[in-house]
Amino acid sequence: MVVVSDRQASAPAPVTARTRVGRPLLSLALASMMDEVHAHSGAVYLLAGDGSVLEMAVMAGLPRSFAAPWERVGLSAPIPVAEAVRERRLVWVGGEQEMAARYPRIAVVLPYPFALAAVPVATRSTVYGAVFVTWPGAHPPELSDRERDHLSAACDRLAVRLERAVEDSVPLHAEPDLLAGPLAGGVAGTLGTVEAARMVARLPYGLCSLDLHGRITFANTAAAELIGVPAGSLLGTPLWASVPWLNDPVYEDRYRAALFSQHTTSFVALRPPGDWLSFRLYPSTTGLSVRISRARAVAEMNRSGPRPGDTSPRLVTISQVLSLAGALTEAVGVQDVVQLVADEIAPAVGSQALVVLGSRAGRLHVLGHRGYPDPHVVERFDGLPLTERTPGTRVLTNGVPGFFESREQLERLYPERQATPDGFAAWAYLPLIASGRPVGTCVLAYPEPHPFPTDERAVLTSLGGLIAQALERAMLYDAKHQLAHGLQEALLPHSLPPLPGIEAAARYLPATQGMDIGGDFYDLVPAQGLAAAVIGDVQGHNVTAAGLMGQIRTAVRAYTTVGQTPGEVMRSTNRLLIDLGSDLFASCLYLRLAPEHGRAVMARAGHPPPLLRRPDGRVRVLDLAGDPLLGIDATATYPTTEVDFAPGSVLVLYTDGLIESPGVDIEDALADLGRRLAEVGDRPLDELADDLVRHGAATGERPDDVALLLLRARRED
């Protein structure tokens with residue numbers, strides 16, 4: 001019996017689902033909760049270990065195999081129970097379409113009509129876990145206030161009980177799942193069991209009764225004859241396990257669909273060599289009744305049955321692989337792959353730590369790791385020659401997985417491992433092979449000795465293939481990303497040169513879509529005692545645009561150095577762009593600064609107008625004369641405009657990515673930018689640059705690059 005204390009816990013510890021408790025606290029709470037809201041299945045999760053993983057402690061209403069991919073999930077996993085814990089709120093999913101839109105991984109594995117609510121189990125100070133409950137697809141698309149209140153109150157009560165259990169040092173453990181058992185004395189008001197059996201035996205079609213696990217609890221003579229298996233061999237076994245030609249995940253899926261949706265489902269299957277049978281499943285919360293008959297019109301069927309002798313994998317294994325494959329498709333870079341393996345795959349297979357290894361130039365490289373208390377234990381292997389005899393190098397070079405059930409087994413084969421213990425007791429070394437070549441090794445570590453039976457080795461090896469494909473894509477993405485950033489950094493100035501009488505600050509942000517590389521540029525050029533500044537934008541977000549940008553920037557510097565006026569610099573650059581034969585155009589704004597005279601001379605080619613903040617704080621948009629974009633008309637001339645640039649003035653030069661955003665009018669965005677400049681224009685220039693970039697209309701999801709160049713005329717001391 002659990003003794004419950006009324007004291008308040010000062011520092012409740014995380015609850016683990018692997019210890020013991022004196023009564024079925026979780027089962028009773030879950031059963032009561034489901035009864036209050038008329039849910040047909042549910043589960044309780046508890047935070048385990050360091051509080052980063054949720055473990056299923058008890059499930060009710062459906063076999064646990066239905067939720068096999070999510071028995072252990074990381075808190076960052078995109079599923080309702082994890083989201084409920086992260087955000088400490090009730091999460092409601094009203095049906096099949098909403099599930100597919102918000103949680104596609106679950107919808108892939110469980111593509112059935114059902115509604116789900118996930119609720120955190122938490123006090124004000126501590127989160128202990130979460131509960132989910134489900135209803136058949138007939139449930140209204142919205143959760144009623146009564147259901148919401150009942151669920152929230154029940155989870156609050158459970159959290160208080162868990163808090164008291166922790167205070168009293170009463171440990172908790174995973175409890176037996178709650179499934180409906182057989183009726184002990186028949187059903188009141190119906191025929192006795194003997195007469196019922198006689199009646200069913202006289203029917204010309206087959207009848208079976210399945211429990212919630214899909215096991216046959218009754219079959220009449222006609223069912224045994226139609227299936228071709230004696231009734232004694234059917235009882236107590238799943239239909240698709242005892243009948244070889246029904247061992248197809250598609251048929252088991254119909255059973256799962258019926259239980260989840262509580263709707264009648266059916267399928268047609270071929271009994272070799274040529275008899276087609278129709279199976280109709282009638283579900284309830286206690287099991288299913290199955291009617292079996294000969295299919296009348298085979299020609300109307302849209303699918304063919306499995307061939308005799310097929311032995312398809314179990315659906316549970318397929319569902320796990322589908323869920324994990326869906327997770328890995330979301331990975332972009334190598335670190336995303338490592339994080340997803342840590343959040344999704346490691347919890348699913350019971351591992352508590354992992355390392356992802358790769359190779360480069362004949363040496364081992366640690367691409368990422370999670371779960372090791374001392375990271376140096378892993379990182380010391382970074383740079384190890386592939387010729388060294390270690391399990392990591394062996395798997396990487398020969399592509400054969402390695403499974404070590406205990407530390408003794410590993411050290412017997414690799415004695416040198418005794419000198420570098422990592423604190424774990426079992427390991428799975430999975431080769432990551434994509435496109436026929438090894439791309440790395442995934443090491444899964446277990447805290448206790450762990451046997452690896454044949455079926456588990458097969459699943460882990462298959463998962464290694466999924467990880468390999470994701471890792472190959474991620475490594476390619478990272479390489480392209482590094483190339484793009486390296487090219488962009490090489491083409492833009494590393495720093496702004498000091499100019500007499502001028503303060504300057506610049507910012508560049510790549511677009512959030514594409515290769516993170518584009519044609520926006522800026523520069524400052526000291527020129528014969530004066531100063532020149534330029535900002536521009538070559539159309540496009542690719543290597544071609546970036547290369548052309550580099551040529552334009554170099555040309556502007558060269559024309560400035562030889563003493564051309566602003567108008568001549570623009571005309572010369574325009575002719576150069578046309579002579580290069582490029583199909584791309586560019587906008588540009590060029591200005592020559594004379595701060596000692598308080599003047600600036602500007603020329604514009606299709607570029608957004610600059611903003612000028614005067615010393616008194618007023619801001620105006622400079623309406624400059626100008627001609628078309630560079631690269632369009634070889635005869636174009638670019639008139640110049642002279643403006644005041646008194647000490648204390650600030651010029652804001654920018655590309656259109658700063659003010660353009662879908663659904664936002666450019667004039668409104670420009671006016672908003674001007675108001676912000678008026679408010680904060682007295683700040684130090686670097687702070688002002690950061691503020692204007694943050695304030696820009698398109699900084700959340702930038703469809704275009706952003707370049708910003710600020711120039712301030714220094715005040716006299």
Side-chain angles (χ1 to χ4, degrees), residues 485-510 518-538 546-570 572-573 576 586-605 607 610-613 640 642-643 645-655 658 681 683-693 705-717:
H485 274 275
L487 179 59
Q488 194 81 56
E489 290 177 1
L491 295 175
L492 290 174
H494 295 287
S495 61
L496 298 176
L499 300 176
I502 298 291
E503 294 179 52
R507 296 292 184 270
Y508 173 82
L509 296 176
D520 289 24
F521 67 97
Y522 60 85
D523 203 0
L524 284 183
V525 187
Q528 301 175 355
L530 301 175
V534 63
I535 192 167
D537 182 3
V538 179
L548 189 60
M549 173 265 282
Q551 291 175 299
I552 293 175
R553 178 174 165 244
T554 301
V556 168
R557 270 187 165 268
Y559 298 139
T560 300
T561 301
V562 298
Q564 290 190 357
T565 66
E568 291 172 337
V569 170
M570 296 293 276
S572 299
T573 306
L576 172 67
S587 69
C588 189
L589 176 65
Y590 179 90
L591 59 156
R592 190 71 57 82
L593 302 167
E596 68 276 14
H597 301 299
R599 310 297 293 169
V601 180
M602 306 184 184
R604 182 164 71 107
H607 199 80
L611 299 179
L612 175 65
R613 186 183 190 274
T640 58
E642 187 173 295
V643 298
F645 191 47
S649 300
V650 178
L651 272 171
V652 178
L653 317 179
Y654 57 91
T655 56
L658 185 68
R683 292 183 180 179
L685 219 54
D686 280 318
E687 292 183 15
L688 177 60
D690 291 334
D691 189 283
L692 294 182
V693 167
D705 309 321
V706 174
L708 175 68
L709 180 61
L710 303 183
L711 304 170
R712 174 181 282 155
R714 288 194 177 97
R715 299 179 186 270
E716 296 293 337
D717 294 334

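Note that the numbering runs from 1 along the sequence shown for the chain.
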Checklist entry - Do you know the tightest heavy-atom contact between Ala505 and Asp686? => result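 Taking Ala505 first and Asp686 second, the nearest heavy atoms are CB-OD1, 3.6 Å.
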
Checklist entry - How long is the gap from OG1 on Thr640 to CD on Glu568, to the nearest 0.5 Å? => result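 With rounding to 0.5 Å, OG1 (Thr640) is 10.5 Å from CD (Glu568).
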
Is the shortest heavy-atom distance from the side chain of [X] to the side chain of [Y] under 4.5 Å?
X: Arg714; Y: Pro595; answer: no
X: Leu591; Y: Pro566; answer: no
X: His607; Y: Ile535; answer: yes
X: Cys588; Y: Thr573; answer: no
X: Tyr522; Y: Thr655; answer: no
X: Met549; Y: Asp537; answer: no
X: Ile502; Y: Leu524; answer: no

Checklist entry - For residues Tyr590 and Thr560, is any side-chain donor paired with an opposing acceptor at under 3.5 Å? => result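 Yes, a side-chain donor-acceptor pair sits under 3.5 Å.
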
Going by atom type alone, with no hydrogens or angles, which donor-acceptor pairs under 3.5 Å involve a side-chain atom of residues 706-713 and a protein atom two or more places apart or on another chain?
residue, atom, partner, partner atom, Å
Arg712, NH1, Arg683, O, 3.3
Arg712, NH2, Gly681, O, 2.6
Arg712, NH2, Arg683, O, 2.9

Checklist entry - Would Tyr559 and Leu576 satisfy side chain to side chain contact (heavy atoms under 4.5 Å, CB included), going step by step from the backbone distance to the final call? => result CA-CA 11 Å; Tyr559 298 139; Leu576 172 67; 4.0 Å; yes

Next on the checklist: Run the side chain to side chain contact (heavy atoms under 4.5 Å, CB included) test on Asp523 and Val556 for me, step by step, so that the C-alpha distance in whole Å, both residues' side-chain angles and the decisive distance to 0.1 Å come before the verdict.
Outcome noted: CA-CA 9 Å; Asp523 203 0; Val556 168; over 6 Å; no

Checklist entry - Stepwise, does the side chain to side chain contact (heavy atoms under 4.5 Å, CB included) test hold for Leu651 with Met602? => result CA-CA 12 Å; Leu651 272 171; Met602 306 184 184; 3.6 Å; yes

Next on the checklist: With side chain to side chain contact (heavy atoms under 4.5 Å, CB included) as the criterion, how do Thr565 and Met570 come out once you've worked through the C-alpha distance, each side chain's angles and the decisive distance to 0.1 Å?
Outcome noted: CA-CA 9 Å; Thr565 66; Met570 296 293 276; over 6 Å; no

